[in-house]
Amino acid sequence: MTDLPGIVVTGASGRMGQMLIRMIAESGTARLVGALERPGHDWVGRDIGAAMGGAPLGVTVEDDPLEAFARAQAVVDFTSPSATVEFAGLAAQARAVHVIGTTGLAKEDLDAIKLAAHHAVIVRAGNMSLGVNLLVQLTKRVAAALDEDFDIEVVEAHHNRKVDAPSGTALMLGEAAAEGRGVSLDDVSDRGRDGITGARKPGDIGFSAIRGGDIVGEHDVIFAGQGERLILRHVASDRSLFARGALRAALWGQDKTPGEYDMLDVLGLKD
Ligand SMILES: NC(=O)C1=CN([C@@H]2O[C@H](COP(=O)(O)OP(=O)(O)OC[C@H]3O[C@@H](n4cnc5c(N)ncnc54)[C@H](O)[C@@H]3O)[C@@H](O)[C@H]2O)C=CC1
Ligand SMILES: O=C(O)C1=N[C@H](C(=O)O)C[C@H](O)C1
């Protein structure tokens, strides 16, 4: 049992954090060796299982990442961009695999993560599910097959607590569509239409975001042509699929050389 990789979950009280803790505790493939929350959080100092309203798990919620990561073979991280950038440096120092699910990362954040990946394995994906990662590959292929007569729009819907838009998944899908067309997403991305926007530019990739209720995550990639529309869709109805992917990534990363990877690597779906 003690040979199993030890995992620290950051953002332990969050929607994804709690899902991950339950999954790891029941997995039989990994050990929960730490539960991290931000300093000042009222769960710090409590047993994580009891804090979640269940049986004690023998792991106390802590707020010092350096101490926690020192006993980890992997850090699974669904928090916020600023926390994730800090954790990338510290996990690399501890030579722990860092699985990053956090979205809303700015270019500077991505640069900092890339630097950390010189020293340790980092697996980062805006969506850890098998279905979405397959959809990424399908989107790339369809975008390569259809020319600019087909307008590409990415539409996403999430719960009312989500703080970033477009979602990490929508951006993955937009990147895949741009790659399929052989262009840079930065050059063709069209976000946040409002007012007299002018007609749509051929070749643009549009993004729209819906926020409401308890929607787990829904993504459509629409290819709209003259007289026909092709729609690729993924619907997540349960957060456990993201947690399952993250746990798989943490185990997959154990014998890899330092570098930045994504879920296509983990799932063996790279072209
Ligand atoms: N890649 C994927 O498959 C998925 C990614 N996400 C992303 O994961 C992130 C978290 O999502 P949720 O769990 O829904 O959010 P949440 O708001 O429920 O949880 C985030 C947690 O992180 C904690 N946190 C913030 N700063 C911290 C710090 N410095 N140290 C320790 N803990 C800290 C917060 O206190 C909170 O408990 C978001 O960016 C979301 O978009 C969510 C689901 C799937
Ligand atoms: O915040 C969420 O909930 C989710 N975030 C990820 C994203 O931004 O795409 C993945 C999933 O859709 C749920």
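Numbering of ligands and ligand atoms starts at 1, following listing order.
- Residues Arg200 and Glu153 are paired through a salt bridge, judged by an N-O separation under 4.0 Å between the basic side chain and the carboxylate.
- Considering backbone and side-chain N/O of Ala125, one or more are found under 3.5 Å from N/O of ligand 1.
- Looking only at protein heavy atoms, the nearest one to atom 27 (C) of ligand 1 is Arg38 CB, 3.7 Å.
- Protein heavy atom nearest atom 35 (O) of ligand 1, with residue, atom name and distance: Glu37 OE1, 2.8 Å.
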For this session: Would you sort out whether His234 and Thr169 count as a side chain to side chain contact (heavy atoms under 4.5 Å, CB included), showing the intermediate values?
Result: CA-CA 10 Å; His234 182 267; Thr169 311; over 6 Å; no
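- For a threshold of 3.5 Å applied to N or O pairs, the pair formed by Lys162 and ligand 1 contains at least one separation below that value.
- If you run side chain to side chain contact (heavy atoms under 4.5 Å, CB included) between Arg211 and each of Arg161, His159, Lys162, only Lys162 comes through.
- Protein heavy atom at the shortest distance from atom 21 (C) of ligand 1 is Gly11 CA, 3.7 Å.
- Heavy atoms of Gly168 stay at 4.0 angstrom or farther from ligand 1.
- The environment of CZ in Arg233 is sparse: at most 12 heavy-atom neighbours from other residues, nucleotides or ligands sit within 6.0 Å.
- Remark: ligand 2 and His158 share an N or O pair separated by less than 3.5 Å (distance only, no angle test).
- In the candidate list Arg124, Arg15, His41, Arg15 is nearest to atom 18 (O) of ligand 1, counting heavy atoms.
- At a heavy-atom distance under 4.0 Å, no atom of Ser129 approaches ligand 1.
- In terms of N/O distances under 3.5 Å, ligand 1 is not approached by Arg239.
- Residue-to-ligand polar distances keep Gly17 apart from ligand 1: every N/O pair is separated by 3.5 Å or more.
- The distance criterion of under 3.5 Å between nitrogen or oxygen atoms is met by Ser13 with respect to ligand 1.
- Considering backbone and side-chain atoms together, Ala170 places no N or O closer than 3.5 Å to any N or O of ligand 2.
- Heavy atoms only, all atoms of each residue included: His158 and Val216 are closest at CD2-O, 3.4 Å.
- Ligand 1 is never approached by His159 to a heavy-atom distance shorter than 4.0 Å.
- Remark: ligand 2 atoms within the under-4.0 Å shell around heavy atoms of Gly126 are 6 (C), 7 (C), 9 (O), 10 (C).
- Under the side chain to side chain contact (heavy atoms under 4.5 Å, CB included) rule, Phe87 has a single partner from Thr102, Ile100, Leu36, Ile113, which is Leu36.
- Every N/O-N/O distance between His219 and ligand 2 stays at or above 3.5 Å.
- The part of Thr103 lying near ligand 2 is the side chain, judged by heavy-atom distances below 4.0 Å.
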Exercise. Given His98 and Asp77, is the side-chain hydrogen bond (donor to acceptor under 3.5 Å, both in side chains) satisfied, shown in steps?
Worked result: CA-CA 7 Å; His98 188 191; Asp77 178 17; 2.9 Å; yes
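- The N/O atoms of Ala12, backbone and side chain alike, include none that comes under 3.5 Å of an N/O atom in ligand 1.
- Residues satisfying the salt bridge (charged side-chain N to carboxylate O under 4.0 Å, His left out) criterion with Arg95, sequence neighbours excluded, are absent altogether.
- For Arg71, the CZ atom sits in a packed shell: over 12 heavy atoms of surrounding residues, nucleotides or ligands are nearer than 6.0 Å.
- With a 4.0 Å heavy-atom cut-off, ligand 1 is reached by no atom of Glu86.
- Ranking protein heavy atoms by distance to atom 9 (C) of ligand 1, first place goes to Thr79 O, 3.5 Å.
- The protein heavy-atom contact nearest to atom 43 (C) of ligand 1 is Met16 CG, 3.5 Å.
- Panel note: side chain Asp63, backbone Glu37; no donor-acceptor pair is recorded below 3.5 Å.
- When hydrogens are left out, the protein atom nearest atom 40 (C) of ligand 1 is Thr103 OG1, 3.6 Å; that is the closest non-hydrogen contact.
- Distances from ligand 2 to the non-hydrogen atoms of His159 include at least one value under 4.0 Å.
- Of all the heavy atoms of Trp43, none lies under 4.0 Å from any atom of ligand 1, so neither backbone nor side chain is involved.
- Inclusion of Thr10 in the set of residues having an N or O under 3.5 Å from an N or O of ligand 1 is not warranted.
- The shortest N or O to N or O distance between Met128 and ligand 1 is under 3.5 Å.
- Looking at atom 30 (N) of ligand 1, its nearest protein heavy atom turns out to be Phe87 CZ, 3.4 Å.
- Residue-ligand proximity, Ser167 to ligand 2, at heavy-atom distances under 4.0 Å covers atoms 7 (C), 8 (O), 9 (O).
- At least one heavy atom of Val216 sits under 4.0 Å from some atom of ligand 2.
- In terms of protein heavy-atom proximity, atom 4 (C) of ligand 1 is closest to Phe78 CE2, 3.4 Å.
- In terms of polar-atom proximity, defined here as any N/O pair under 3.5 Å, Gly101 does make such a contact with ligand 1.
- Only one option out of Val266, Leu267, Asp262 pairs with Leu264 in a side chain to side chain contact (heavy atoms under 4.5 Å, CB included); it is Asp262.
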Exercise. So Lys201 and Asp190, salt bridge (Lys or Arg N to Asp or Glu O under 4.0 Å) or not? Walk me through it.
Worked result: CA-CA 9 Å; Lys201 267 204 273 151; Asp190 186 7; over 6 Å; no
For this session: Evaluate the criterion salt bridge (Lys or Arg N to Asp or Glu O under 4.0 Å) for residue pair Asp271 and Lys140; output intermediate values, then yes/no.
Result: CA-CA 11 Å; Asp271 292 333; Lys140 193 162 114 185; 2.6 Å; yes
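- Ligand 1 lies nowhere less than 4.0 angstrom from a heavy atom belonging to Gly104.
- Under the salt bridge (charged side-chain N to carboxylate O under 4.0 Å, His left out) criterion, Asp109 pairs with no residue, sequence neighbours left out.
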